[in-house]
Asks: 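Dropping the structure in here first, questions after.
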Number of protein chains: 2
Amino acid sequence: MPPPIGLDLSQTAKSVSRAFDRALAEAGGSLPVWLIMISLKTRSLGTQRELAEAIGIQGATLTHHLNSMESGGLITRRRDPANRRVHVVELTEPGELLFRRLADAAVAFDSRLRRGLAPGDLEALHALLARLRENVADDAPILNE
Amino acid sequence: MPPPIGLDLSQTAKSVSRAFDRALAEAGGSLPVWLIMISLKTRSLGTQRELAEAIGIQGATLTHHLNSMESGGLITRRRDPANRRVHVVELTEPGELLFRRLADAAVAFDSRLRRGLAPGDLEALHALLARLRENVADDAPILNE
DNA sequence: ATCTAATGATTAGATATCAAACGCTTTCAT
DNA sequence: ATGAAAGCGTTTGATATCTAATCATTAGAT
């Protein structure tokens with residue numbers, strides 16, 4: 001009798017996320033802050049809505065994080081002159097500094113997480129997770145194969 | 001360049017958990033309520049602390065859930081005469097009824113989640129998740145293999 | 001016997017997240 | 001040109017969770 005897969009998944013994710021958050025906290029950040037920063041740096045940001053979507057939180061929640069990051073001097077927000085509905089979010093110099101520290105912590109954590117896993121294992125895991133996401137996507141929800 | 005594994009995991013878990021919670025909500029419950037009930041039914045419960053541990057939440061959080069379940073008539077709490085520190089938690093008749101409905105929903109969801117996954121895939125996933133949990137366990141935290 | 005430490009559960013306070021409502025800006029149809 | 005609809009971000013209110021402090025009970029030591 002295999003264990004219920006959703007349970008297994010969520011408990012594992014909880015453990016891993018908490019450990020990651022602790023690692024980032026030691027470097028002076030947090031998981032949401034890290035996700036926001038790396039999205040700002042790598043992806044070519046469109047709007048805050050897209051940013052929230054990319055990191056898997058709600059727009060309202062993102063606003064809170066940006067508020068504290070702004071008052072902490074990590075980012076600036078200004079209206080885009082071309083489209084005054086959108087806020088352009090940018091890292092300040094202290095923000096860049098923290099980003100580098102968090103990046104180091106994230107890399108270290110990731111290698112710790114991969115211990116004992118072959119490249120093939122990682123690919124397999126990635127594919128399995130993708131399949132699970134598909135299976136709970138809203139379209140064609142029940143339909144038994 | 002492989003995607004960061006922790007991210008992949010947590011986003012998937014979030015999607016799956018939310019979908020599961022929606023399914024349980026349609027059956028009149030929620031994820032924590034379901035976890036509490038199934039733990040009460042299957043595992044031989046020791047204390048609330050153990051119960052909380054088993055379902056991966058904090059004792060204080062469990063208290064809140066038990067409060068609402070009790071006022072909703074799903075469970076009863078009484079002091080154990082043998083050790084008056086512990087609360088003996090038991091399902092009421094309406095509680096048993098809801099349990100059965102949630103069990104149906106959970107089974108349906110699980111089969112939906114397993115669509116397109118061979119038994120070998122499930123075993124592999126289980127093993128990979130276990131490995132990840134090990135890798136973030138507090139003992140021997142950094143040590144590169 | 002009594003004092004101290006440990007244990008089980010609850011309560012209080014803080015934080016994080018979400019959903020819904022709102023305000024401003026832009027787009028588009030007429 | 002103007003009015004309706006949609007888009008973007010923020011605010012508000014509710015919920016869930018955690019940590020720390022507290023109350024009551026039990027176990028252990030002297």
Side-chain angles (χ1 to χ4, degrees), chain A residues 10-11 13-22 24-25 29-36 39-40 44-72 75-90 138, chain B residues 10-11 13-22 24-25 29-36 39-40 43-72 75-90:
Chain A
S10 76
Q11 308 256 355
K14 190 178 285 190
S15 295
V16 171
S17 290
R18 294 171 85 78
F20 189 33
D21 198 52
R22 272 195 302 274
L24 291 174
S30 71
L31 201 150
V33 166
W34 165 244
L35 292 178
I36 290 168
S39 294
L40 289 179
S44 71
L45 62 148
T47 67
Q48 281 185 204
R49 177 71 59 177
E50 288 175 9
L51 178 54
E53 169 87 19
I55 69 182
I57 63 177
Q58 222 57 30
T61 305
L62 178 60
T63 293
H64 291 309
H65 289 302
L66 293 181
N67 284 347
S68 63
M69 290 173 75
E70 187 175 29
S71 65
I75 60 158
T76 57
R77 276 190 281 199
R78 56 188 175 77
R79 291 285 177 181
D80 180 355
N83 182 349
R84 299 177 36 73
R85 286 175 300 190
V86 324
H87 271 168
V88 177
V89 181
E90 283 169 334
D138 302 86
Chain B
S10 76
Q11 309 254 355
K14 188 178 283 190
S15 295
V16 171
S17 290
R18 293 173 86 78
F20 189 32
D21 198 54
R22 272 195 301 274
L24 290 174
S30 71
L31 200 149
V33 166
W34 165 244
L35 292 179
I36 290 168
S39 294
L40 289 178
R43 319 202 182 194
S44 70
L45 61 146
T47 66
Q48 280 184 204
R49 176 69 61 175
E50 288 174 10
L51 178 54
E53 168 86 19
I55 70 182
I57 63 176
Q58 222 57 32
T61 305
L62 177 59
T63 293
H64 291 309
H65 288 302
L66 292 181
N67 284 347
S68 64
M69 289 172 76
E70 188 176 28
S71 66
I75 60 158
T76 57
R77 274 189 284 198
R78 57 186 175 79
R79 290 286 177 180
D80 180 355
N83 182 347
R84 299 174 37 72
R85 286 175 298 191
V86 324
H87 271 167
V88 177
V89 181
E90 283 169 332

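Protein chains get the first letters and strands the later ones, always in sequence-line order, with residue 1 at the start of each.
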Asks: Not counting sequence neighbours, list each pair that qualifies as a side chain to side chain donor-acceptor pair (under 3.5 Å) and has a residue in residues 78-89 of chain B.
Replies: B:Arg78-B:Glu90, B:Arg79-B:His87, B:Asn83-B:Arg85
Asks: Using side-chain contact (heavy atoms from CB on, under 4.5 Å) as the criterion, list what pairs up with A:Ser10, not counting sequence neighbours.
Replies: A:Leu7, B:Ser17
Asks: Which residues pass the side-chain contact (heavy atoms from CB on, under 4.5 Å) test with A:Ser30, sequence neighbours left out?
Replies: A:Asp21, A:Pro32, A:Val33
Asks: Which residues pass the side-chain contact (heavy atoms from CB on, under 4.5 Å) test with B:Ala54, not counting sequence neighbours?
Replies: B:Arg43
Asks: What residue pairs, at least two apart or across chains, pass salt bridge (Lys or Arg N to Asp or Glu O under 4.0 Å) with a residue in residues 60-69 of chain B?
Replies: none
Asks: Are any protein N/O atoms closer than 3.5 Å to N/O atoms in nucleotides 21-28 of chain C? If there are, list each pair with its distance.
Replies:
from   : atom 1 : to      : atom 2 : distance (Å)
C:dT26 : OP1    : A:Arg84 : N      : 3.0

Asks: Hey, could you give me each pair passing side chain to side chain donor-acceptor pair (under 3.5 Å) that has a residue in residues 49-69 of chain A? Not counting sequence neighbours.
Replies: A:Asn67-A:Arg77
Asks: May I ask you to verify if any side-chain N or O of B:Gln48 is less than 4.0 angstrom from the OP1 or OP2 atom of C:dT10?
Replies: yes
Asks: Taking only N/O atoms, report every protein-nucleotides 11-18 of chain C pair under 3.5 Å with atom names and distance.
Replies:
from   : atom 1 : to      : atom 2 : distance (Å)
C:dT17 : OP2    : A:His65 : NE2    : 2.5
C:dC18 : OP2    : A:Gln58 : N      : 2.9
C:dC18 : OP2    : A:Thr61 : OG1    : 2.8

Asks: Could you tell me which nucleotide pairs with D:dT30 by Watson-Crick or G-U wobble geometry, both distances under 3.5 Å, or answer none if nothing does?
Replies: C:dA1
Asks: Output the distance between atom CG (A:Leu31) and atom CZ (A:Arg22), rounded to the nearest 0.5 Å.
Replies: 12.0 Å
Asks: Restricting to side-chain contact (heavy atoms from CB on, under 4.5 Å), what partner residues turn up for B:Ala52, sequence neighbours left out?
Replies: B:Ile57, B:Leu62
Asks: Can you check whether B:Thr47 has a side-chain N or O nearer than 4.0 Å to OP1 or OP2 of C:dA9?
Replies: yes
